[in-house]
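Being a predicted model, the structure only gives us computed values, none of them experimental. In what follows, chains carry the letters A, B, and so on, assigned in the order in which the sequence lines appear, proteins first and then strands, with residues in each chain numbered from 1.
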Protein chains: 4
Amino acid sequence: MATRPPSSLTPETGPATERGERTRRKLLGAAEGEFGERGFHHASISSITQRAGVAQGTFYLYFRSKEEIFRALVEHMNRTMRRHLSEAIAGAASRAEAERIGLEAFLRFCREHENLYRIVMESQFVDPEAHRWYFTTLASGYAERLRAAQGRGEIRRGDPYTQALALIGVAFFMGKRHLLWGDDVPPLEQALETATAFIQGGILPPEGGGGEGAR
Amino acid sequence: MATRPPSSLTPETGPATERGERTRRKLLGAAEGEFGERGFHHASISSITQRAGVAQGTFYLYFRSKEEIFRALVEHMNRTMRRHLSEAIAGAASRAEAERIGLEAFLRFCREHENLYRIVMESQFVDPEAHRWYFTTLASGYAERLRAAQGRGEIRRGDPYTQALALIGVAFFMGKRHLLWGDDVPPLEQALETATAFIQGGILPPEGGGGEGAR
Amino acid sequence: MATRPPSSLTPETGPATERGERTRRKLLGAAEGEFGERGFHHASISSITQRAGVAQGTFYLYFRSKEEIFRALVEHMNRTMRRHLSEAIAGAASRAEAERIGLEAFLRFCREHENLYRIVMESQFVDPEAHRWYFTTLASGYAERLRAAQGRGEIRRGDPYTQALALIGVAFFMGKRHLLWGDDVPPLEQALETATAFIQGGILPPEGGGGEGAR
Amino acid sequence: MATRPPSSLTPETGPATERGERTRRKLLGAAEGEFGERGFHHASISSITQRAGVAQGTFYLYFRSKEEIFRALVEHMNRTMRRHLSEAIAGAASRAEAERIGLEAFLRFCREHENLYRIVMESQFVDPEAHRWYFTTLASGYAERLRAAQGRGEIRRGDPYTQALALIGVAFFMGKRHLLWGDDVPPLEQALETATAFIQGGILPPEGGGGEGAR
DNA sequence: AATGAATGAGACTTCATTCAT
DNA sequence: CATGAATGAAGTCTCATTCAT
């Protein structure tokens with residue numbers, strides 16, 4: 001399970017001076033806006049550079065292609081989101097609580113970074129490798145925590161990776177409704193409650209025991 | 001919650017003769033292959049018509065645009081998948097059993113119709129309206145059943161639509177792993193077991209009761 | 001010694017109808033003008049299509065790239081020139097006479113087909129494979145004739161292929177002066193006389209014999 | 001007949017210090033490699049400066065444009081080759097011997113300076129003026145020698161410039177085969193023998209006399 | 001004397017769509 | 001009902017050249 005960007009990732013070109021670094025960041029920011037709002041294929045390099053306030057040619061000083069900046073974005077988002085979630089659940093008393101907090105943090109975070117959600121999902125069709133890496137990475141870290149919680153008898157036994165993926169699936173599909181279709185949708189709070197109950201039922205050990213480190 | 005194709009859907013053009021019907025189906029089949037294998041944007045009308053064995057111009061006798069045939073495909077898949085799943089769970093003794101059977105049926109079905117999965121997911125970026133309709137439709141029907149089961153005390157109370165979406169999310173994210181990344185993945189059976197436990201834990205009423213119409 | 005277009009040559013795409021054939025010829029004609037006048041790299045597809053009176057996209061119905069039409073042109077010119085020269089020397093009484101006639105025919109032909117000369121020479125830098133094929137082909141046919149003449153004792157013995165190449169070299173370098181730099185140049189006739197003397201001295205058997213296979 | 005670089009040639013810019021001179025030479029060397037290996041149009045200033053180990057901007061301190069450095073290269077090669085050939089034939093006892101030695105020296109020299117041959121030929125399409133100057137210069141010097149030899153009755157009478165061009169043509173076309181296509185080619189020695197016979201037959205006075213100082 | 005980031009014009013190529021047959 | 005040649009807009013990318021440091 002690859003937990004590191006495939007060697008094909010990361011190798012962007014580009015100046016390394018102070019000024020260069022600034023330009024690079026401007027491009028990434030502009031690209032996030034474009035890709036998020038218009039989607040990969042409707043986005044054009046020229047809009048990106050316009051947004052960034054640089055000439056078209058400048059783009060290619062930093063990224064070899066449209067695909068490459070997209071990939072860089074996906075990697076960036078992976079790091080950002082994981083850091084954010086880690087911090088959010090840092091103080092959780094139990095795995096169950098971590099789940100509740102984590103789900104809410106995820107949805108709030110996505111709401112504030114509208115483009116992130118869309119870009120990550122679209123990556124499946126733009127750069128499947130990066131997409132896979134994104135989720136594989138996320139799920140692996142997640143699974144690690146679940147495995148530990150299983151060890152402590154806090155949650156139901158089972159393949160932790162599958163559990164992680166299931167939890168991620170719940171979060172992302174709730175995202176569809178609340179981030180994408182958010183018209184006539186019940187308030188987030190109510191959905192969170194139901195979802196949390198679902199999740200906790202899904203991972204908490206069956207009442208009768210079975211999660212108690214036993215087996 | 002739209003449960004019917006928005007008026008913008010469905011209105012394909014096209015002859016109604018016997019021969020015409022055949023051509024139309026050939027085009028849809030070819031499009032499914034192209035879109036599934038190369039993605040919407042890399043697919044070209046000319047490849048589709050080639051695959052279908054008709055001239056390029058013929059395409060526009062049946063569909064007004066590339067987007068339109070894509071949408072038609074999404075609708076077709078919606079019908080197909082729902083029918084298939086209904087039949088699969090028809091004989092289930094309980095909601096819990098229906099879930100187990102349904103999840104497995106879903107994954108097996110997608111495996112046999114490789115392109116379906118991809119096309120449905122990509123529709124988010126090609127025709128968000130159709131995408132939304134696809135899942136909204138699916139979730140509504142699903143929610144209906146869950147609501148009934150709640151009424152019978154078979155499952156945990158809560159917003160059935162949210163439950164439905166969560167269940168769909170679990171299924172689709174398992175699909176990512178087992179349909180898309182299927183390299184070094186544990187056998188489907190094992191994952192199904194964990195996932196089923198997760199799902200059933202997630203929807204079954206808490207042991208102490210509480211699903212029984214009570215509360 | 002490849003005497004047939006390498007498999008990479010010849011495979012142009014393109015409609016095969018009557019109208020298609022006409023368009024194709026228009027494109028080839030336009031390309032010849034462009035390449036001849038402005039050189040391969042300064043020529044642009046758009047000028048070519050403009051000259052031909054078709055839309056830009058039409059170009060790619062017939063040729064896969066700028067390189068491909070260039071190659072097609074080189075092949076076409078190879079056929080044209082060889083046919084012309086064959087016909088010109090058909091009635092020559094001896095090899096020596098054939099050379100004289102051939103050289104003159106070559107120069108006159110190039111003068112009437114200004115672009116041909118330039119395109120063939122430039123092919124060395126655009127498509128070395130085609131360039132090689134052009135001259136290899138030309139030299140092989142030529143060498144065949146020389147070998148036969150050697151057999152008849154009409155000309156000096158020696159590697160006929162080398163002789164052929166030398167003769168071609170003389171012709172092409174005379175072309176430089178008389179076709180390309182033709183400003184303050186002595187009349188063609190005078191140069192032809194010197195060149196013919198040179199060539200005939202070069203190939204005729206040494207007086208004392210040496211072509212002794214015959215005579 | 002221009003025997004001196006047209007005023008448009010030669011006027012490169014550039015510092016005159018010790019260090020500056022070194023940089024200039026590094027650039028010329030790098031350009032020779034690039035132009036020789038990839039051709040004028042595929043060569044890029046940035047590769048040239050990279051090879052030379054200087055920054056891109058530095059290039060324009062020494063040459064006003066890509067064309068200018070190319071021209072400088074052609075001029076340089078002209079000087080180099082002429083000097084080399086002069087020296088090679090210096091001790092030749094007769095014009096005939098000089099030709100034999102000269103042809104061989106030419107081919108050996110080109111083999112050791114692979115790029116020279118290609119660059120000189122390509123100059124026709126990059127800077128026709130420089131190309132013409134290159135050959136005009138070469139042919140004029142050559143013709144001078146031939147004229148003298150005619151005077152001494154050593155060689156056949158005729159326009160010496162045409163003779164010179166013919167001889168150059170033979171050499172350059174032998175170069176095509178032995179420098180460019182050198183795969184399945186007979187050993188250089190054998191070709192040299194045939195070519196020498198050809199050349200000497202071509203220029204030596206007809207046996208019966210005619211070169212005897214008469215006229 | 002040198003640097004190297006930035007520029008921006010321009011080229012090739014693709015492809016959804018139209019239309020005369 | 002079908003054909004397939006033609007269209008032309010749009011987009012990615014390259015690269016010679018400039019300029020502030």
| message | By nearest atom, which of the nucleotides F/dA6, F/dA5, E/dA2 is closest to the D/L61 side chain? | response |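 Selected nucleotide: E/dA2.
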
| Minimum-distance nucleotide to B/A55 side chain [options: E/dT7, F/dT3, E/dT3] |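 So the side chain of B/A55 is nearest to F/dT3.
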
| said: Heavy atoms within less than 4.0 Å of DNA chain F: which residues of residues 34-44 of chain A have one? Give them sorted by number. | reply: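 Under 4.0 Å from DNA chain F: A/A43, A/S44.
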
| request: Tell me, please, which residues at least two apart from D/A52 pass side chain to side chain contact (heavy atoms under 4.5 Å, CB included). | output: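 Side chain to side chain contact (heavy atoms under 4.5 Å, CB included) check on D/A52 returns D/K26, D/L27, D/A30, D/V54.
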
| request: Output all residues satisfying side chain to side chain contact (heavy atoms under 4.5 Å, CB included) with C/E114, sequence neighbours left out; order by chain, then residue number. | output: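 Partners of C/E114 by the side chain to side chain contact (heavy atoms under 4.5 Å, CB included) criterion come out as none, since no residue qualifies.
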
| field | Identified salt bridge (Lys or Arg N to Asp or Glu O under 4.0 Å) counterpart of D/D127 within the set D/R71, D/K66, D/R132 | value |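 With D/D127 as partner, D/R71, D/K66, D/R132 yield a single salt bridge (Lys or Arg N to Asp or Glu O under 4.0 Å), made by D/R71.
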
What is the distance from [atom1] of [X] to [atom2] of [N], rounded to the nearest Å?
X: A/E18; N: E/dA6; atom1: CD; atom2: P; answer: 11 Å
X: B/F63; N: F/dA2; atom1: CZ; atom2: P; answer: 12 Å
X: C/E68; N: E/dC12; atom1: CD; atom2: P; answer: 15 Å
X: C/E21; N: F/dG4; atom1: CD; atom2: C1'; answer: 16 Å
X: A/Q50; N: F/dT12; atom1: CD; atom2: P; answer: 12 Å
X: C/R24; N: F/dA6; atom1: CZ; atom2: C1'; answer: 17 Å

| Listed by chain and number, what are the ring-ring contact (aromatic ring centres under 6.0 Å, His included) partners of D/Y117, not counting sequence neighbours? |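 D/F172.
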
| query | Who pairs with A/F59 by ring-ring contact (aromatic ring centres under 6.0 Å, His included), at least two apart in sequence or on another chain? | reply |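 So A/F59 forms a ring-ring contact (aromatic ring centres under 6.0 Å, His included) with A/F63.
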
Would you list the protein and nucleotides 17-21 of chain F atom pairs, both N or O, that sit under 3.5 Å from each other?
unit_1, atom_1, unit_2, atom_2, d
F/dT17, OP2, D/Y60, OH, 3.1
F/dT17, OP2, D/K66, N, 3.1
F/dT17, O4, D/Q56, OE1, 2.9

| said: With a cut-off of less than 4.0 Å, is there a side-chain N or O of D/R19 near OP1 or OP2 of E/dA2? | reply: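 For E/dA2, OP1/OP2 do have a side-chain N/O of D/R19 under 4.0 Å.
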
| field | Short side-chain N/O contact from C/Y62 to OP1 or OP2 of F/dA5, under 4.0 Å | value |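 No, because none of the side-chain N or O atoms of C/Y62 sits under 4.0 Å from OP1 or OP2 of F/dA5.
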
Name all residues meeting the side chain to side chain donor-acceptor pair (under 3.5 Å) criterion together with [X]; count only those two or more places apart in sequence or in a different chain, and write none if there are none.
X: A/H41; result: none
X: C/H113; result: none
X: A/R25; result: none
X: D/S65; result: none

| task | Could you say whether D/V54 or A/T23 is positioned toward the 5' end of DNA chain E, judged by the nucleotide with the nearest heavy atom to each? | result |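 Upstream on the strand: D/V54.
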
| task | Run the ring-centre check on D/F40 versus D/F70 and record whether the distance is less than 6.0 Å. | result |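 So the answer is yes for these two rings.
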
| query | What pairs with A/R38 under salt bridge (Lys or Arg N to Asp or Glu O under 4.0 Å), at least two apart in sequence or on another chain? | reply |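 By the salt bridge (Lys or Arg N to Asp or Glu O under 4.0 Å) rule, A/R38 matches A/E34.
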
| field | Bracket notation of DNA chain E in which parentheses pair within the strand, [ ] cross earlier pairs, and | pairs with another strand (Watson-Crick or G-U, under 3.5 Å) | value | .||||||||||||||||||||

